[in-house]
Structures are given as C-alpha cells and as structure tokens.
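In this chain, numbering begins with 1 at the start of the sequence shown. One-based numbering, in listed order, for ligands and for the atoms of each.
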Amino acid sequence: MKKYSLFCNMCGREIKTEKGVVQEGVLSVEQNWGYFSEKDGEQHSFDLCECCYDRLVRQFKLPITVKRQTELL
Ligand SMILES: [Zn+2]
C-alpha cells in the first residue's frame, strides 16, 4: 500500500491515519471551478482538521446547517 499522509492545510498538522484510513474528524474539500468563476478549469482541494474546521465556521456570518445523519436514512 502506498504511503499516505494527510495534512491540515490550515494548521499544517498531520492528520492521524492508520493504513490509509483517517482516524479523526477531517473535512476534505475538492472543488472544480467552473466557467463563471475566475478559476475556470482549475481543481482546488484541501483538508482541514476538525479543530480548524470549527475555527473556520465560527467566522461565518450565518451558521452552518447541521443535520443528524440518521435523519437522512
Ligand atoms: Zn488544523
């Protein structure tokens, strides 16, 4: 299995993984910018540890939407 390490882009900390499986809460974003953006054709991706995610969303003017995943079933 290839060596797989994951880092939080915000704080630079290595995300804990075991055999390629993430062992903690992490937000992985992959965004394909489209025609109406100024980044047309670019794919951006980053990962945030849970701590940095919390810090980020606390800066939002409007709160994030939280749903219990069981409601989706
Ligand atoms: Zn972080």
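- Within the protein, the N, O or S atoms lying under 2.8 Å from the Zn ion (ligand 1) are C8 SG, C11 SG, C49 SG, C52 SG.
- By the 4.5 Å heavy-atom criterion applied to side chains, E14 and S5 are counted as neighbours.
- Closest heavy-atom contact between W33 and K39: CB-O, 3.3 Å.
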Report all side-chain donor-acceptor pairs from residues 46-55 shorter than 3.5 Å, counting only partners two or more places apart or in another chain.
| from | atom 1 | to | atom 2 | distance (Å) |
| --- | --- | --- | --- | --- |
| D47 | OD1 | S28 | OG | 2.6 |

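- Contact check for F7 versus R13: no side-chain heavy atoms found under the 4.5 Å cut-off.
- Clustering ILVMFWY residues whenever any of their side-chain heavy atoms sit less than 4.5 angstrom apart, transitively, puts V66 in the very cluster that holds F60.
- Minimum heavy-atom separation, Q43 to E30: NE2-OE1, 3.6 Å.
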